Q: 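My structure is below; once you've seen it, I'll send some questions.
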There are 2 protein chains.
Amino acid sequence: MTTRTAPGPRERLLEAAQRLTYSQGMAVGVDALLKEANVARRSLYEHFGGKDGLIAEVLRRSTAEDEAAYHQAIEAAGDDPRTRLLGVFDGIAAAIDRPDFRGCRYLAADLALTDPDHPGHAITRAYRMRVQQLLEHELLALGHPRPVAAAGELLLLIDGALAAGVTRPATHPAASARRLAEHVLDARPAAA
Amino acid sequence: MTTRTAPGPRERLLEAAQRLTYSQGMAVGVDALLKEANVARRSLYEHFGGKDGLIAEVLRRSTAEDEAAYHQAIEAAGDDPRTRLLGVFDGIAAAIDRPDFRGCRYLAADLALTDPDHPGHAITRAYRMRVQQLLEHELLALGHPRPVAAAGELLLLIDGALAAGVTRPATHPAASARRLAEHVLDARPAAA
DNA sequence: GTCCGGGTAGATCAATCGTTCTACTTCTGA
DNA sequence: TCAGAAGTAGAACGATTGATCTACCCGGAC
């Protein structure tokens with residue numbers, strides 16, 4: 001048995017930090033994290049070396065989970081390549097509707113982590129590349145004439161939906177993004 | 001003469017805060033602001049009552065300037081309603097290309113100002129509504145069948161371009177957004 | 001001349017930040 | 001049984017935060 005026992009301090013701390021850094025931003029105090037996780041101060045520094053190490057690990061874990069969520073949203077949409085790609089936007093719509101939605105964690109992280117050498121930046125960058133490649137793969141299966149460019153456009157629609165989901169959620173930005181995504185997917189081969 | 005003399009401490013402080021809160025985020029220290037503006041500590045509290053008051057005034061000033069920039073980008077694009085609206089995305093492309101571009105200041109502000117009662121939120125909200133109405137006005141002049149919905153879609157493209165301009169500027173997100181905007185503008189009246 | 005509003009310079013305060021440390025407890029394996 | 005790793009609880013440190021306060025200076029209006 002691998003994870004049958006009660007989660008240890010490392011796990012509790014990661015989970016609490018993942019929650020609090022999203023709801024309150026990267027500027028949450030160490031004390032708040034420790035209290036939320038019911039963990040001793042010492043455990044944080046032994047496991048992660050400091051707040052920055054914890055934040056980096058939180059981003060690593062979050063990107064893995066979110067990448068899995070993309071795969072799941074695609075897989076849950078069936079076999080038709082077009083429907084699968086549109087499923088991504090259904091997943092985003094569901095995310096925006098959640099009461100604790102606060103926008104794209106990774107854009108917020110890049111804006112909040114002032115130090116350009118913070119390890120968090122490399123993690124968010126790698127995550128975006130993986131999502132881009134995931135979209136490209138599906139666009140290739142769809143037989144899209146410009147998979148790379150189209151993936152970039154879909155990413156732009158995703159970024160826009162997540163941002164608008166924060167500032168004007170009542171306008172259902174994910175639905176708008178989905179409509180525009182259909183236009184991206186239906187692009188015909190260049191006439192020339 | 002209205003503003004011919006050297007700018008006073010209030011003006012210097014506003015200008016410095018506008019620059020630093022954008023480049024370093026809302027978490028810049030008061031000391032850094034005072035140093036950058038060459039202003040005494042006391043002046044800040046006499047003119048703005050505190051850091052929050054200064055931030056609110058900075059947002060007010062920035063929104064006014066950016067709203068004027070939208071008008072200018074539209075006006076510079078001539079008389080054709082379609083070209084005028086696409087001019088917005090040319091302006092965004094130019095903004096992203098500037099070396100100090102750091103994304104949408106107002107999204108960053110809403111994410112950074114944890115307190116939901118901070119006066120800054122009301123200012124960013126009002127700004128977005130003014131931009132939305134500006135777009136609606138142009139869409140109406142264009143004779144668009146669904147001006148309100150289309151304005152929302154254009155705003156989504158703007159948000160997406162500004163976000164992607166931070167995380168992957170090399171992909172020229174403003175150009176992508178402009179292409180998608182053309183599709184929004186060319187929507188035909190519903191067949192039903 | 002002098003008086004005073006507005007400005008600068010800087011000490012100071014309480015609070016909070018991330019971090020380090022000591023002291024005690026708890027659980028586990030040999 | 002007991003040694004030791006791992007965890008908890010919490011004091012304490014230095015740095016920094018936003019904010020308040022005192023002391024000084026300067027330029028016009030009267």
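Just so it is clear, the model here is predicted, and its values are computed rather than measured. Note: hydrogens, waters and symmetry copies are ignored here, and every other heavy atom, side chains too, is used. So that the names make sense, note that chain A is the first sequence line, chain B the second, and so on, each numbered from 1.
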Q: Using whole Å, what does the distance between atom C1' of nucleotide C:dG18 and atom NZ of A:K35 come to?
A: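 These atoms are roughly 18 Å apart.
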
Q: Can you check the A:M26 CE to C:dC17 P distance for me, whole Å?
A: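 Taking CE of A:M26 and P of C:dC17, I get 17 Å after rounding.
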
Q: Kindly check if the number of other-residue, nucleotide or ligand heavy atoms within 6.0 Å of NE2 (B:H118) is above 12?
A: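 Enclosed: over 12 neighbouring heavy atoms sit under 6.0 Å from NE2 of B:H118.
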
Q: Give the intermediate values and the outcome of side chain to side chain contact (heavy atoms under 4.5 Å, CB included) for residues A:R130 and A:T63.
A: CA-CA 10 Å; A:R130 293 201 304 272; A:T63 52; 3.7 Å; yes

Q: Let me see the working for B:L33 and B:V39 under side chain to side chain contact (heavy atoms under 4.5 Å, CB included), right down to the final yes or no.
A: CA-CA 8 Å; B:L33 297 175; B:V39 152; over 6 Å; no

Q: Using a cut-off of 4.0 Å on non-hydrogen atoms, how would the nucleic acid contact of B:G8 be classed: base, sugar-phosphate, or nothing?
A: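 The residue B:G8 makes no contact with any strand.
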
Q: What is the nucleic acid contact for A:D31, judged by heavy atoms within less than 4.0 Å: base, sugar-phosphate only, or nothing?
A: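 A:D31: no heavy atom of the nucleic acid under 4.0 Å.
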
Q: Whole Å only: how far is the CG atom of B:D115 from the P atom of D:dG18?
A: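 B:D115 atom CG is separated from D:dG18 atom P by 15 Å.
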
Q: Hey, does the side chain of A:H47 come within less than 4.0 Å of D:dA6's phosphate (OP1/OP2), counting only N and O?
A: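 Checking D:dA6 against A:H47, no side-chain N or O comes under 4.0 Å of OP1 or OP2.
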
Q: Without decimals, in angstroms, what is the distance between A:N38 CG and D:dA9 P?
A: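 Computing the A:N38:CG to D:dA9:P distance gives 7 Å.
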
Q: Base, sugar-phosphate or nothing for A:R10? Non-hydrogen atoms, less than 4.0 Å.
A: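 Contact class for A:R10: none.
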
Q: Under 4.0 Å: is that the gap between some side-chain N or O of B:S43 and OP1 or OP2 of C:dG6?
A: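 Negative; the distance criterion is not met.
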
Q: Could you work out which one of D:dG18, C:dG7, C:dC21 sits closest to the side chain of B:V30?
A: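 So the nucleotide nearest the side chain must be D:dG18.
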
Q: Set out, in order, the CA-CA distance, both residues' side-chain angles and the distance that settles side chain to side chain contact (heavy atoms under 4.5 Å, CB included) for A:I123 and A:E57, then state yes or no.
A: CA-CA 9 Å; A:I123 298 173; A:E57 200 55 38; over 6 Å; no

Q: Does C:dC24 have OP1 or OP2 sitting under 4.0 Å from an N or O in the side chain of A:R42?
A: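 Result: no.
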
Q: Just how far, in rounded Å, is P of D:dT17 from CD of B:Q24?
A: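 Taking CD of B:Q24 and P of D:dT17, I get 11 Å after rounding.
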
Q: Side chain of A:R41, base of C:dT19: donor and acceptor closer than 3.5 Å?
A: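 Side chain to base: pair found, below 3.5 Å.
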
Q: Can you check the A:R12 CZ to D:dG7 C1' distance for me, whole Å?
A: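 That distance rounds to 9 Å.
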
Q: Anything under 30° is parallel, anything over 60° is perpendicular, the rest tilted; go ahead and classify B:Y106 against B:Y127.
A: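 B:Y106 vs B:Y127 ring planes: tilted.
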
Q: A:L34 CG to C:dC17 C1': how many Å, rounded?
A: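 So the CG-C1' distance, A:L34 to C:dC17, works out to 13 Å.
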
Q: Can you check the B:I55 CD1 to D:dG18 C1' distance for me, whole Å?
A: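 Going from CD1 in B:I55 over to C1' in D:dG18 covers 11 Å.
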
